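A short write-up of the structure that comes next.
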Amino acid sequence: MKWTWNVGRIAGIDLKIHLTFFFLLIWVGLPTLISGGSISTMLLDLLLILLLFVFVVLHELGHALTAKLFGIQTKDITLLPIGGVARLEEMPEDPKEEFLVAAAGPAVNLVIGAAILISLLLGGFFTLPLDIPTLMDNFWVQLMTTNFTLVAFNLIPAFPMDGGRVLRAILGTQMDRVKATRIAAIIGRVIAVMMGIAGFFVNYWLILTAIFVWSGAGAEARSVEIKAGLVGLVVRDALVSQFYKVEANLPLGSVYQVSMHTGQRDLPVLSNGHFLGIIRRQDLLRAMERLGNRAPAYAAIGVEPEGLSPEMPLKEALQRFSASRVLPVIEDGALIGLLTTESIKQRMWLNQRGKPVDSGSSEETIHTV
Ligand code: ZN
């Protein structure tokens with residue numbers, strides 16, 4: 001089932017709406033109808049929600065277009081009931097650039113809110129003494145406060161909010177990125193705890209937000225540390241050069257035996273020394289069920305991800321792991337090793353302890369079964 005719908009393109013970026021977004025519209029509109037409210041009140045409520053999302057889209061465009069100035073593309077912008085998400089290809093690592101990209105979103109809402117405020121002031125809308133309840137009911141005042149709320153919420157200095165990135169960027173001008181992220185993550189977690197406690201007294205939604213912020217802080221710190229641990233390393237440094245492989249016409253039953261006896265879940269398949277693909281354990285089991293034990297090994301090869309070059313930076317290779325935990329490393333058309341998430345982790349662990357590691361070129365033995 002498709003969960004997101006493409007609804008258009010703005011400035012070359014796909015705009016998508018998540019299905020759950022429509023539940024929000026029903027959730028807002030239905031109570032008014034049930035409680036006997038007029039259709040016009042309900043439509044006004046819905047219009048307010050739709051405008052809120054227009055502001056969110058403009059906010060995300062603020063991030064996306066600023067990133068574009070620094071040569072970073074945006075894959076798409078998706079609207080969710082909790083707000084919008086702009087998927088940038090990456091976040092700029094230069095503190096000044098990151099600051100501008102992160103601050104651009106809230107800046108858009110600040111400008112819209114300020115523009116409404118100024119036009120209300122110029123139009124003589126506010127008369128003293130202020131009648132707060134009537135003011136809060138006014139459509140334009142609601143639009144203005146919506147924008148100012150978006151600014152305040154997004155500038156909470158905690159990942160994954162924009163404020164967390166702004167904070168990291170400011171710290172980043174004084175120290176390296178890993179340290180800046182670590183400190184920003186600690187500050188984010190302190191804020192999450194305070195939010196969580198406040199949530200019990202004020203509003204339970206705050207507790208949910210606190211959980212969201214707590215995990216966001218940890219995830220950001222981890223991803224930055226992983227990337228830092230991989231700097232300067234290439235695929236050749238982390239590949240597994242000793243592994244079992246099978247011939248293309250070996251029966252699936254025997255392939256299964258090899259996998260069980262060696263403990264190697266993913267087996268490369270070769271035909272006359274030519275690499276054809278990798279059989280993953282789940283594909284093997286499925287193929288045995290479908291084709292029987294005597295079918296040849298090559299029938300169980302799944303969709304093969306592109307092979308990696310041994311000189312590719314590990315940081316880049318890490319992004320290739322999606323459905324698959326193991327990727328083939330190809331040099332001059334031949335399979336020379338396997339890169340796994342586990343082998344990367346081990347290499348990083350050694351790297352962080354400053355231990356130079358022999359890349360294994362001295363004893364490259366490949367077992368053939
Ligand atoms: Zn933002």
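Computed over heavy atoms, backbone and side chain alike; hydrogens, waters and symmetry mates excluded. Order of appearance sets the numbers: ligands from 1, and atoms from 1 within every ligand. No experiment lies behind these values; they were computed from the predicted model shown. Nothing fancy with the numbering, it's 1 onward along the sequence.
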What donor-acceptor contacts under 3.5 angstrom involve side-chain atoms of residues 46-63, with partners at least two apart or in another chain?
residue	atom	partner	partner atom	Å
H59	ND1	G105	O	3.3
H59	ND1	N109	OD1	2.7
H59	NE2	H63	NE2	3.1
H59	NE2	D162	OD2	3.1
E60	OE1	A86	N	3.3
H63	ND1	V101	O	2.7
H63	NE2	D162	OD1	3.3
H63	NE2	D162	OD2	3.1

Say whether T341 and R325, considering side chains only, have a donor N or O and an acceptor N or O under 3.5 Å apart. no

Can you confirm whether Q264 sits close enough to L338 that some side-chain heavy atom of one is under 4.5 Å from a side-chain heavy atom of the other? yes

Should we say atom CE of M175 is surrounded by more than 12 heavy atoms from elsewhere, each under 6.0 Å from it? yes

Regarding S259 and R281, do their side chains bring together a donor and an acceptor under 3.5 Å, going by distance alone? yes

Check whether any side-chain N or O of T78 sits under 3.5 Å from a backbone N or O of V85 as a donor-acceptor pair, and report yes or no. no

Taking the Zn ion (ligand 1) as the centre, count the protein N/O/S atoms lying under 2.8 Å from it. 4

